[in-house]
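Okay, so here's the structure we're looking at.
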Amino acid sequence: MAGFYPKNGRVIFHIDANAFFASVEIAENPALKDKPVIIAGNPQERRGIVVAANYLCKHKGVYTTMALREALKLVPEAVVIKPNHALYKMYSKRIFAQIAKISPLVEYASIDEAYLDITACEHLGSPIDIATGIQKKIMDDFSIPLSIGIAPNKFLAKMASDMKKPLGITILRKRDVERVLWGRPVVEAHGIGAKTAAKLMEHGIATMGDLAKADVKKLQSIMGVRGIRMRERVNGIDDRPVDPEANTSYKSIGNSTTFPENLTEPAIIYAKLRLLARSVSERMKAKGAVSRTIQVMIRYSDFKTVTRSQTLPADIQEEEELLSAAEAIFFKHWTGEPVRLLGITAQNAVHKQTLETQMDLFSFQKEADKLEPLVTTVEALKRKFGEGIIKKGWVQ
């Protein structure tokens with residue numbers, strides 16, 4: 001058994017609940033088991049955008065964000081169900097609580113995905129045995145199918161879990177990377193979106209193999225430090241641990257500085273606020289955190305200290321956004337007296353991915369309804385003139 005567990009490495013699972021929202025609805029109503037199921041916001045009026053669909057629909061070309069009207073042209077017999085986010089959240093909590101019994105090293109990536117480090121689970125059997133047991137347990141208890149990727153790191157585990165769906169188990173080792181991944185389009189690499197892929201392709205980087213062999217300086221000029229990180233990952237290198245605390249809330253992320261001389265000039269104060277915003281932004285990015293409540297601390301030359309905060313309509317992380325919020329707060333509340341200390345804090349910060357992947361489906365549907373006319377028009381153009389009529393692009 002020791003051969004399955006390296007002495008100086010990790011064994012990591014990426015666990016993905018297949019077609020999760022649709023699978024939950026089928027679990028709740030077994031009569032839907034052999035029927036095509038679509039989750040969308042307005043079943044009665046047959047409008048809105050597809051939030052999720054089961055594989056009977058996916059195999060006929062239905063995909064998330066497709067206009068519901070277009071999806072029903074492909075699968076007119078589909079059962080359309082309004083999303084029930086509270087139900088999906090309950091299933092997610094119960095499923096991953098069960099999985100956490102295998103190992104406490106669980107990192108939730110979204111409502112239907114998690115990483116599990118089983119490096120210390122040799123006593124439970126081989127990784128394949130453990131993965132098979134997890135699949136069976138979750139299917140028996142919840143009727144939810146899982147795909148599991150097994151690899152020495154998080155990136156490869158995620159790539160592996162996407163290879164066989166539904167109910168797949170895939171092992172991806174470092175030595176397999178060149179054979180399995182390098183010929184695939186760069187856009188399929190986890191962490192690279194369509195805009196970044198388009199940018200890379202303009203520089204002749206079309207496949208993961210191109211990315212793996214790309215010049216480091218060239219990549220850095222295109223993508224910054226993230227380019228170096230992605231190059232390492234498609235070479236099978238990813239040292240990130242499975243972190244159970246990764247998606248928990250942070251109390252605050254901030255920075256402050258006391259000046260050797262009191263400040264009175266607005267331009268100099270603005271420059272200091274920029275440096276603080278840059279520092280806080282870098283720390284937030286390192287933690288993968290965002291916040292919508294920004295606080296500014298002002299300490300005057302007489303040591304009187306005031307703190308003022310503002311809650312924004314959306315979560316932020318970037319330096320310019322932090323600076324804009326902090327500047328507005330400071331100049332609204334500054335008395336004009338000499339300033340001894342300044343501080344910027346992002347309060348109630350949370351992990352960015354948690355918000356992205358566990359967003360309120362009703363908010364999603366509200367935005368989706370606005371997009372429906374555009375999506376419908378695009379689909380009509382594709383049918384009339386062919387798939388190539390609309391192409392993804394990016395703006396410099």
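No experiment lies behind these values; they were computed from the predicted model shown.
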With rounding to the nearest 0.5 Å, note down the distance linking [atom1] in [X] to [atom2] in [Y].
{"X": "D238", "Y": "K158", "atom1": "CG", "atom2": "NZ", "answer": "13.5 Å"}
{"X": "L200", "Y": "T207", "atom1": "CG", "atom2": "OG1", "answer": "10.5 Å"}
{"X": "I99", "Y": "I15", "atom1": "CD1", "atom2": "CD1", "answer": "4.0 Å"}
{"X": "L219", "Y": "M230", "atom1": "CG", "atom2": "CE", "answer": "10.0 Å"}
{"X": "M163", "Y": "I169", "atom1": "CE", "atom2": "CD1", "answer": "15.0 Å"}
{"X": "I253", "Y": "S279", "atom1": "CD1", "atom2": "OG", "answer": "10.5 Å"}

Exercise. Step by step, would you call F259 with I268 a side chain to side chain contact (heavy atoms under 4.5 Å, CB included)?
Worked result: CA-CA 11 Å; F259 308 116; I268 296 175; over 6 Å; no

Exercise. Is there a side chain to side chain contact (heavy atoms under 4.5 Å, CB included) between I111 and H85 once you walk through the steps?
Worked result: CA-CA 10 Å; I111 196 169; H85 188 59; 3.7 Å; yes

Problem set entry | salt bridge (charged side-chain N to carboxylate O under 4.0 Å, His left out) evaluation trace for D176 with R179 | CA-CA 5 Å; D176 300 326; R179 175 179 59 84; 3.4 Å; yes

For this session: Could you list all the side chain to side chain donor-acceptor pair (under 3.5 Å) pairs where at least one residue sits in residues 218-233, not counting sequence neighbours?
Result: T196-R226

For this session: With sequence neighbours excluded, give me every side chain to side chain donor-acceptor pair (under 3.5 Å) pair touching residues 11-29.
Result: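 Every pair satisfying side chain to side chain donor-acceptor pair (under 3.5 Å) with a residue in residues 11-29: H14-E113, H14-S161, D16-K165, N18-S147, E25-Y88, E28-Y91.
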
Side-chain contact test, heavy atoms from C-beta onward, threshold under 4.5 Å: evaluate it for [X] versus [Y] and give yes or no.
{"X": "L116", "Y": "I134", "answer": "yes"}
{"X": "K199", "Y": "E202", "answer": "no"}
{"X": "V11", "Y": "I150", "answer": "yes"}
{"X": "N235", "Y": "V177", "answer": "no"}
{"X": "V50", "Y": "Y63", "answer": "no"}
{"X": "E107", "Y": "K154", "answer": "yes"}
{"X": "K272", "Y": "T257", "answer": "no"}
{"X": "R340", "Y": "F303", "answer": "yes"}

Distance-only, no hydrogens or angles: does the [X] side chain make a donor-acceptor pair with backbone N or O of [Y] under 3.5 Å?
{"X": "D112", "Y": "A19", "result": "no"}
{"X": "E321", "Y": "E318", "result": "yes"}
{"X": "E319", "Y": "L275", "result": "no"}
{"X": "S256", "Y": "G343", "result": "no"}
{"X": "T293", "Y": "Q347", "result": "no"}

For this session: Begin with the C-alpha distance, continue with both residues' side-chain angles, and end with the deciding distance and a verdict on side chain to side chain contact (heavy atoms under 4.5 Å, CB included) for V180 and M159.
Result: CA-CA 10 Å; V180 176; M159 296 300 295; over 6 Å; no

With a 6.0 Å cut-off (strictly less than), is the heavy-atom count around [atom1] of [X], excluding the residue itself, greater than 12?
{"X": "K58", "atom1": "NZ", "result": "yes"}
{"X": "D302", "atom1": "CG", "result": "yes"}
{"X": "K285", "atom1": "NZ", "result": "yes"}
{"X": "E77", "atom1": "CD", "result": "yes"}

For this session: List, by chain and then residue number, the residues other than L167 in its hydrophobic cluster (Ile/Leu/Val/Met/Phe/Trp/Tyr, side-chain heavy atoms under 4.5 Å); write none if there are no others.
Result: M139

Seminar exercise, completed: Going by chain and number, the hydrophobic cluster around L341 (ILVMFWY, side chain to side chain under 4.5 Å) further includes M297

With hydrophobic residues grouped by side-chain heavy-atom distances under 4.5 Å, do [X] and [Y] end up in a single group?
{"X": "L156", "Y": "M208", "result": "yes"}
{"X": "I171", "Y": "I237", "result": "no"}
{"X": "V51", "Y": "Y55", "result": "no"}
{"X": "V339", "Y": "I294", "result": "yes"}

For this session: List the steps, then state whether side chain to side chain contact (heavy atoms under 4.5 Å, CB included) holds for V234 with L181.
Result: CA-CA 7 Å; V234 294; L181 296 184; 5.8 Å; no

Where is the tightest heavy-atom contact between [X] and [Y], given as atom of each residue plus distance?
{"X": "I130", "Y": "G125", "answer": "CD1-O, 3.8 Å"}
{"X": "P152", "Y": "L172", "answer": "CD-O, 3.4 Å"}
{"X": "F142", "Y": "A27", "answer": "O-CB, 3.4 Å"}
{"X": "T119", "Y": "Y5", "answer": "O-CD2, 3.5 Å"}
{"X": "A78", "Y": "I38", "answer": "CB-CD1, 3.8 Å"}
{"X": "L323", "Y": "A277", "answer": "N-CB, 3.7 Å"}

Exercise. Charged N to carboxylate O below 4.0 Å: is that the case for E327 and R274?
Worked result: no

Exercise. Listed by chain and number, what are the side-chain hydrogen bond (donor to acceptor under 3.5 Å, both in side chains) partners of R94, not counting sequence neighbours?
Worked result: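 For R94 there are no side-chain hydrogen bond (donor to acceptor under 3.5 Å, both in side chains) partners, ignoring immediate neighbours.
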
Exercise. Can you name the residues that form a side chain to side chain contact (heavy atoms under 4.5 Å, CB included) with E178, not counting sequence neighbours?
Worked result: W182

Problem set entry | Flag for T132-D129: side-chain donor and acceptor within less than 3.5 Å |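 On atom types as modelled, these side chains do not qualify, holding no pair under 3.5 Å.
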
